[in-house]
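First up is the structure itself, then whatever we jot down about it.
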Amino acid sequence: METNLCVAGFGGQGVMTLGKFLASATCDATNKNVTFFPSYGAEQRGGTANCFVAISDEEIGAPLGDVMDDLIVMNGPSLKKFLPTLKKGGTLFINSSIVSDDIGRDDVKLVKAPVTEMALEMGNAKVLNVIMLGVYVGYTEVVPPEVVWSTIEHKMAKKPKLLPLNKEAFEKGLAIGREQK
């Protein structure tokens, strides 16, 4: 089975980090194949950013396609740009703190999470991507949560003071994802 995911938002929302954490966790601790393909807009912080992650039991022929199984959108422009790529029956994960547009489709599953609002309530806007990663993993179970957390822990080893906040963010996201199954 192959899962194709697109993660999209503004630069500075941690879109690439979310994709890297998921791809690394899959590669390091499972026997699945994975590809990670980043795409940056002209600007860095504040510009567009998206990445594609493909996870498969088989070899992956191409890192991305025109049809996504899952789509994570962190802002309105990303919803407009990438919603047409989400296949019928796919799952759309929305940062409902800033994306309030009607999606205009009833052929996809919709998972809403106010990740920007939650991150601000936690005192650090930078954890919104870790919350959304938790939502995605909690809902899809594409990779075991403990494997993803272990990867986050490893990647953030040089910043141990940030681990408790990120752990809390990931756990909150997992809870939201599991509740919306």
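Atoms considered below: every heavy atom in the structure, side chains included; atoms not considered: hydrogens, waters and symmetry mates. What you see is a predicted model; the values in this text were computed from it and never measured.
By the salt bridge (Lys or Arg N to Asp or Glu O under 4.0 Å) test, Asp102 is found to be paired with no residue, residues two or more places apart in sequence or in another chain being considered. For Asp28, the side-chain contact (heavy atoms from CB on, under 4.5 Å) partners at least two apart in sequence or on another chain are Ser24. Looking at residues two or more places apart in sequence or on another chain, you find a side-chain contact (heavy atoms from CB on, under 4.5 Å) between Asp70 and Thr3, Leu5, Thr91, Phe93, Tyr136, Thr140. Partners of Asn31 by side chain to side chain donor-acceptor pair (under 3.5 Å), not counting sequence neighbours: none found. For Lys172, the side-chain contact (heavy atoms from CB on, under 4.5 Å) partners two or more places apart in sequence, or in a different chain, are Met118, Met122, Glu168. Residues meeting the side chain to side chain donor-acceptor pair (under 3.5 Å) test with Arg178, sequence neighbours left out: none. When the side-chain contact (heavy atoms from CB on, under 4.5 Å) test is applied to Glu141, the partners found at least two apart in sequence or on another chain are Lys181. Thr26 meets the side chain to side chain donor-acceptor pair (under 3.5 Å) test with no other residue; sequence neighbours excluded.
Within a 6.0 Å radius of CD in Glu146, other residues, nucleotides and ligands contribute more than 12 heavy atoms.
Residues Leu79 and Ile103 have side chains in contact (heavy-atom distance under 4.5 Å, counting atoms from C-beta outward). Inter-residue side-chain proximity for Cys51 and Val15 is flagged as met; some heavy-atom pair is nearer than 4.5 Å. Phe21 is not listed as a side-chain neighbour of Leu18, based on a closest heavy-atom distance of 4.5 Å or more.
The list of salt bridge (Lys or Arg N to Asp or Glu O under 4.0 Å) pairs with a residue in residues 9-23, not counting sequence neighbours, is empty. Among pairs with a residue in residues 79-88, those fulfilling salt bridge (Lys or Arg N to Asp or Glu O under 4.0 Å) read Asp69-Lys87, Lys80-Asp101, at least two apart in sequence or across chains. Screening residues 158-167 for salt bridge (Lys or Arg N to Asp or Glu O under 4.0 Å) gives Lys167-Glu171 as the qualifying pairs, with residues at least two apart or on separate chains.
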List the atom pairs, with distances to 0.1 Å, where a side-chain N or O of residues 148-156 and a protein N or O form a donor-acceptor pair under 3.5 Å, not counting sequence neighbours.
from	atom 1	to	atom 2	distance (Å)
Thr151	OG1	Val147	O	3.2

